[in-house]
Amino acid sequence: MAVKSNKQNPKSKKTEPEKNPEPAGGLKAGENEKEPAEDPETGDGPLLEKPKVLTATRPILYLAKMYQAGDKLPTNNQEMVAAWIEAGSAAWQEPGAKQFP
């Protein structure tokens, strides 16, 4: 007497093609939201964004420390940052850019 196998024949099994849903945010397949953009000038390599630094445009006395024009200012107090920018005493600047006089 022949023994029946409980294994199914893989050829007889119907499989549905895998559906790859489109990622949220309108990105196409293969695109990654977190990948940096390429350098538009050279067209190669990722474009690295440098964080801006809050720089004094004139002397500022803050928490018993004197900051001269061109010095990096602390950004731990957002109210002071906003006040310095509004008064023209500080500005956001890219590192390595021309310093204020």
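For Glu79, the CD atom is loosely surrounded, since the number of other residues' heavy atoms within 6.0 Å does not exceed 12.
Heavy-atom minimum distance, Pro59 versus Met66: CB-CE, 3.5 Å. Counting all heavy atoms, side chain and backbone alike, Tyr62 lies closest to Met80 at CE1-CG, 3.7 Å. Shown here for Ile60 and Leu73, the closest heavy-atom pair between the two residues is CD1-CD1, 3.7 Å.
In this structure, Asn77 and Trp84 have side chains that are not in contact, with every pair of non-hydrogen atoms separated by 4.5 Å or more.
To the nearest 0.5 angstrom, Ile85 atom CD1 is 5.5 Å from Leu54 atom CG.
Side chain of Thr57 to main chain of Ala91: no donor-acceptor pair is present (N/O by atom type, distance under 3.5 Å, no hydrogens or angles).
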